[in-house]
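Below is one structure; the comments refer to it alone.
Below, read A as the first sequence line, B as the second, and so on, with proteins coming before strands; counting in each chain starts at 1. Note that the coordinates shown come from a computational prediction; the quantities given were computed from them, not determined experimentally.
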2 protein chains.
Amino acid sequence: MTVDGTAARGRTRIQQEKREVILEAALDVFSTHGFRGSTIDQIAEAAGMSKPNLLYYFRRKEDIHETLMHRLLDTWLAPLKELDNIGDPLTELRSYIRRKLEMARDYPRESRLFANEILQGAPRIMPMLEGELKTLVDEKVEVMKGWMRAGKIARTDPWHLIFAIWATTQHYADFDVQVRAVLGPDRGGEGRFEDAARFLEQLFLDGIRPKS
Amino acid sequence: MTVDGTAARGRTRIQQEKREVILEAALDVFSTHGFRGSTIDQIAEAAGMSKPNLLYYFRRKEDIHETLMHRLLDTWLAPLKELDNIGDPLTELRSYIRRKLEMARDYPRESRLFANEILQGAPRIMPMLEGELKTLVDEKVEVMKGWMRAGKIARTDPWHLIFAIWATTQHYADFDVQVRAVLGPDRGGEGRFEDAARFLEQLFLDGIRPKS
DNA sequence: CAATTTTTTGACCGATTGGACAAACGTTAG
DNA sequence: CTAACGTTTGTCCAATCGGTCAAAAAATTG
């Protein structure tokens, strides 16, 4: 009997753990080589088991990727879901930017896995982009429009504001090697996330026009 | 005799043209599937020739990719090179942002090719990142520091300002499918680049804090 | 202990991969 | 015309790919 990939029903503790080990290894491999560029052998070796053994837990290569993507998307949209109009708008947006930047710092592999998928045309998650994601963004856009009408933030395009937050924060995960190469050994240490946080806060709040 | 891939010396007009067709096809394939995810057969079919015929013009798959990358990098750094302290600083930065956004609109495949390479750890262009690119950025950082000292732009981190410009503009090429999915059919047309240009100008100049 | 079930592995398979090669084809110069 | 050269293709190859399968090994159950 092989381990069914459909539901978590009837799975032993050992099975759960092994599947976890595989997913951890697959995240490493997929995030740096993309789906087609990754091989089952690579993942199996990274997971410390033989290829047939890995295929005992996940019947197909695609099943691993799909499980990984589903998990990723839940945690990925969490920060945006938390954005609501309870607190002060500027504080809310600052918190959102900070949370997204922390995710780029703490979960760079997940960010790159997502970036790989989008770069290749999102063949496996297109329905989710047009469905769940679009719905969520539309909802938050309305929140922002309310803030603009109330004069709490400047009038601008809320869609592109969200894009800009995504782009600037995820850049530190997806283009990490470029960021570190350009900053050099001295400025490219762990402090770069602190610098980025300070800069982004200033950029999004006040831009770079000098105070008159 | 096969066509040597080293120099353009002694190449007939036919050879130049065929190599151009191959590079054009390879740009399509590499930019959407990455290096490992692309096959010579795919490129050959897209170029309208047989695989051995393609290998007559480029001896190895890597040679095509390398040629493509070298060409890309020249045009890619051009906008930043043009940034100098002759004109008004704010105008210069606005122009740079606009040029980068136009490149994302007009050369999305080149942007995705570059993004794919960086995402996978930049195995083939790391020396260039630490050399040519870093040198150029360091130079422009000094220009910006001069602008800050002169009070022409707000004091902030010039490195991360450059990163932010790169991230926000390239986002419209690299994450194009996501942008279009979120904007929907009505807002996702060609006008999205106009909207993005307007938004980015406002963001970088004044941020989103409401005018008091 | 023995019986049963779960886990692991070596061997294998057909398909695809990047690439080699000689033969065939086309073109041009003498 | 023929000889030389540049171009194209069919065929082939070793390596690697995703995946199967039967049997061994280990764990669990009675």
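Under the 4.5 Å side-chain criterion, counting only non-hydrogen atoms from C-beta, B:F30 is not in contact with B:R112. With contacts defined as side-chain heavy-atom distances shorter than 4.5 Å, the pair A:R192/A:V179 qualifies. Counting only heavy atoms from C-beta outward, the side chains of B:V182 and A:I162 never approach each other to under 4.5 Å.
Test A:E24, A:E20, A:E110 against A:R71 for salt bridge (Lys or Arg N to Asp or Glu O under 4.0 Å) and you get one pass: A:E20.
Inspection of the B:Q120 and A:T32 side chains reveals no N or O donor paired with an N or O acceptor under 3.5 Å.
Taking the six-membered ring where tryptophan is involved, the planes of B:F175 and B:H171 are essentially parallel, since the angle between them stays under 30° and well short of 60°. Using cut-offs of 30° and 60° for the angle between ring planes, the B:H65 and B:F35 rings count as perpendicular. Relative ring orientation between B:H160 and A:Y172 is described as tilted, the plane-to-plane angle lying within the 30° to 60° band.
For A:Y57, the listed nucleotide lying nearest its side chain is C:dT8; candidates were C:dT8, C:dG18, D:dG19. Distances were taken from every side-chain heavy atom of A:I40 (C-beta onward) to each of D:dG19, D:dT11, C:dT8; the shortest belongs to D:dG19. Distances from the side chain of B:R36 to the nucleotides D:dC17, D:dT9, D:dG19 place D:dC17 closest.
The local environment of CZ in A:F193 is crowded, with over 12 non-hydrogen atoms from other residues, nucleotides or ligands closer than 6.0 Å.
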Original post:
Starting at the 5' end of DNA chain D, what dot-bracket string do you get if Watson-Crick and G-U pairs under 3.5 Å are bracketed, crossing pairs use [ ], other-strand pairs use | and unpaired bases use dots?
Top reply: ||||||||||||||||||||||||||||||

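In this structure, A:Y56 reaches the C:dT7 phosphate: one of its side-chain N or O atoms is under 4.0 Å from OP1 or OP2. A sub-4.0 Å separation between OP1 or OP2 of D:dT7 and a side-chain N or O of B:Q15 is present. At the phosphate of C:dT7, neither OP1 nor OP2 sits under 4.0 Å from any side-chain N or O atom of A:N53.
At whole-Å resolution of the value, CG in A:L54 and C1' in C:dG10 are 16 Å apart. Distance, B:L55 CG to C:dA22 P: 16 Å, rounded to whole Å. For the pair A:R60 CZ and D:dG18 P, the computed distance is 13 Å after rounding to whole Å. Between B:D41 atom CG and D:dT9 atom C1' there is a gap of 14 Å when expressed in whole angstrom units. Distance A:F58 CZ to C:dT8 P: 14 Å, rounded to the nearest Å. Put simply, NZ on A:K51 is 12 Å from C1' on C:dT9, counting in whole angstrom units. What separates CD of A:Q42 from C1' of D:dC17 is a distance of 11 Å, to the nearest Å. One interatomic measurement links the two molecules: CD of A:E17 to P of D:dA27, which rounds to 14 Å at whole-angstrom precision.
Across all strands shown, B:K18 has heavy atoms under 4.0 Å from sugar-phosphate atoms exclusively, and none from any base.
Of the two residues near DNA chain D, B:M49 and A:E62, the one whose nearest nucleotide lies more 5' is B:M49.
A cation-pi arrangement is found for A:K100 relative to A:W76, the charged atom lying closer than 6.0 Å to the ring centre and inside a 45° cone about the ring normal.
Near DNA chain D, meaning a heavy atom under 4.0 Å from it, residues 24-34 of chain A has no residue at all.
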